[in-house]
K.L.:
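Structure provided below as structure tokens; questions to follow.
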Amino acid sequence: MRKKNFKLKPAFLLAGSFWFLQSCNPLMMKMYGIKDPEVENQKTIEKSALKYDLDTTNIVAVESRHFPAALKGHSIPDAAIYDRNGKYVEYRQTDTSCNAGLFEFIPALNMNNSYNQPDSLPLSSRWINFRDLQGNVISEPQGADFYVLIYWAVWAGKLNKDHVKVWEDLAKNNQNCKVKVIKVNLDIQENWNPADREKIVNAMSKKKKN
């Protein structure tokens with residue numbers, strides 16, 4: 001059962017992380033179904049995924065110690081792409097490019113193409129920070145030509161359908177190569193240690209005051 005005793009306004013929780021929320025007004029938030037973040041668990045996350053017709057078999061969460069960095073490092077929704085060797089593939093043409101480029105980049109992924117691959121942590125270094133929705137350690141995926149990590153959250157509402165669902169379908173329908181999608185959920189997890197969760201909330205509160 002979802003806990004109701006922890007809620008943060010989206011703009012507070014994602015300050016500097018989610019471009020849409022920084023500029024949207026209450027009417028736009030209502031239109032997209034964006035809501036106050038709550039503590040989520042496997043049941044509520046999978047229920048939300050099914051609501052937007054997302055695959056529920058490829059969802060992971062972030063271990064509590066690494067959640068602040070993951071939240072800060074990604075807009076929501078967004079994606080990070082890695083090749084078969086776990087090396088990062090940059091889909092943005094410039095540092096200021098938005099995530100719209102994914103709509104063309106994902107279906108065009110091809111082993112015969114050359115990509116911008118700047119120095120970055122490999123997939124293996126990212127993967128050790130992920131857990132399943134019950135908090136268990138999981139094995140790194142194998143056997144694909146490209147791995148698309150899609151960052152999403154329950155509170156993002158219809159953006160999950162307009163972006164996450166579309167990106168996932170584009171990856172599955174890519175006939176040029178084998179693309180595996182992993183959806184990285186960036187909600188506060190119920191299975192986190194209460195002390196760790198409190199530290200995250202306190203850190204966010206401190207940031208807001210500054």
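A quick note: this is a predicted structure, and the numbers were derived from the prediction, not measured.
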K.L.:
Could you report the tightest heavy-atom contact between Gly135 and Arg131, atom names first, then the distance?
P.N.:
O-CD, 3.6 Å
K.L.:
Go through the side-chain N and O atoms of Glu168 and Asn58 and say whether any donor and acceptor fall under 3.5 Å apart.
P.N.:
yes
K.L.:
Counting only N and O atoms by type, is there a donor-acceptor contact under 3.5 Å from the side chain of Asn173 to the main-chain atoms of Leu170?
P.N.:
no
K.L.:
Flag the pair Asp145 and Lys178 as a salt bridge only when some basic side-chain nitrogen lies within less than 4.0 angstrom of an acidic carboxylate oxygen.
P.N.:
no
K.L.:
Would Tyr82 and Tyr147 count as a close aromatic pair, with their ring centres under 6.0 Å?
P.N.:
no
K.L.:
Is Asn176 close to Leu109 at the side-chain level, that is, under 4.5 Å between some pair of heavy atoms?
P.N.:
no
K.L.:
Testing Tyr151, Tyr52, Trp152, Phe103 for ring-ring contact (aromatic ring centres under 6.0 Å, His included) with His163, which one passes?
P.N.:
Phe103
K.L.:
Will you find, in the side chains of Asn185 and Asp187, an N or O donor that is under 3.5 Å from an N or O acceptor?
P.N.:
yes
K.L.:
Does any N or O in the side chain of Lys165 come within less than 3.5 Å of the main-chain N or O of Asp53, such that one atom is a donor and the other an acceptor?
P.N.:
yes
K.L.:
Is the shortest side-chain heavy-atom distance between Ile81 and Leu149 below 4.5 Å?
P.N.:
no
K.L.:
So that I can tick it off, tell me whether Lys172 and Asp55 are bridged by a salt bridge, with the cut-off set at under 4.0 angstrom between side-chain N and carboxylate O.
P.N.:
yes
K.L.:
Any donor-acceptor pair under 3.5 Å linking the side-chain atoms of Asp132 with those of Asn136?
P.N.:
yes
K.L.:
Report yes or no: do Ile128 and Ile59 belong to one cluster of Ile/Leu/Val/Met/Phe/Trp/Tyr joined by side chain heavy-atom distances under 4.5 Å?
P.N.:
no
K.L.:
Is it the case that the side chains of Asn41 and Glu190 hold a donor-acceptor pair, with the cut-off being a distance below 3.5 Å and no angle test?
P.N.:
yes
K.L.:
Please assess Asn174 against Ile106 for the test side-chain contact (heavy atoms from CB on, under 4.5 Å), listing each intermediate value before the final yes or no.
P.N.:
CA-CA 8 Å; Asn174 186 314; Ile106 292 175; 5.6 Å; no
K.L.:
With heavy-atom distances below 4.5 Å as the criterion, would you say the side chains of Ile188 and Glu40 are in contact?
P.N.:
no
K.L.:
Using only heavy-atom distances, determine whether the side chains of Gln117 and Asp83 contain a donor-acceptor pair under 3.5 Å.
P.N.:
yes
K.L.:
Show the nearest heavy-atom pair for residues Ala79 and Val148, with the distance to one decimal.
P.N.:
CB-CG1, 4.1 Å
K.L.:
Atom CD of Glu140 and atom CD1 of Ile182: how far apart are they, to the nearest 0.5 Å?
P.N.:
9.0 Å
K.L.:
side-chain contact (heavy atoms from CB on, under 4.5 Å) between Leu121 and Tyr88: does it pass, once the steps are laid out?
P.N.:
CA-CA 7 Å; Leu121 289 176; Tyr88 178 70; over 6 Å; no
K.L.:
Would you mind writing out the side-chain donor-acceptor pairs for residues 60-71 within the sub-3.5 Å range, not counting sequence neighbours?
P.N.:
unit_1: Glu63; atom_1: OE1; unit_2: Arg65; atom_2: N; d: 2.9
unit_1: Glu63; atom_1: OE1; unit_2: Arg65; atom_2: NE; d: 3.3
unit_1: Ser64; atom_1: OG; unit_2: Asp196; atom_2: OD2; d: 3.1
unit_1: His66; atom_1: ND1; unit_2: Asn129; atom_2: OD1; d: 3.4
unit_1: His66; atom_1: NE2; unit_2: Asn129; atom_2: OD1; d: 3.1

K.L.:
Apply the test side-chain contact (heavy atoms from CB on, under 4.5 Å) to residues Trp167 and Phe105: give CA-CA distance (whole Å), side-chain angles for both, the deciding distance (0.1 Å), then the verdict.
P.N.:
CA-CA 10 Å; Trp167 296 338; Phe105 197 90; over 6 Å; no
K.L.:
Please examine the side chains of Cys177 and Phe146, heavy atoms only from C-beta on, and report whether any two atoms are closer than 4.5 Å.
P.N.:
yes
K.L.:
Looking at NZ of Lys158 and CD1 of Ile34, how far apart are the two atoms once the value is rounded to the nearest 0.5 Å?
P.N.:
10.5 Å
K.L.:
Under a 4.5 Å cut-off applied to non-hydrogen side-chain atoms, are Phe130 and Val184 in contact?
P.N.:
yes
K.L.:
Same cluster or not: Trp155 versus Leu50, using hydrophobic residues (I, L, V, M, F, W, Y) connected whenever any side-chain heavy atoms lie under 4.5 Å apart?
P.N.:
no
K.L.:
Is the shortest heavy-atom distance from the side chain of Tyr91 to the side chain of Leu102 under 4.5 Å?
P.N.:
yes
K.L.:
With heavy-atom distances below 4.5 Å as the criterion, would you say the side chains of Ile45 and Gln189 are in contact?
P.N.:
yes
K.L.:
Is the shortest distance from a Lys or Arg side-chain nitrogen in Asp78 or Arg92 to a carboxylate oxygen in the other one below 4.0 Å?
P.N.:
yes
K.L.:
Between Asn191 and Leu133, is there a donor-acceptor pair closer than 3.5 Å when you use the side chain of the first and the backbone of the second?
P.N.:
yes
K.L.:
Would you please say whether a donor-acceptor pair under 3.5 Å links the side chains of Gln93 and Ser97?
P.N.:
no
K.L.:
Is there a side-chain contact between Trp127 and Pro141 in this structure, where contact means two heavy atoms from C-beta onward sitting under 4.5 Å apart?
P.N.:
yes
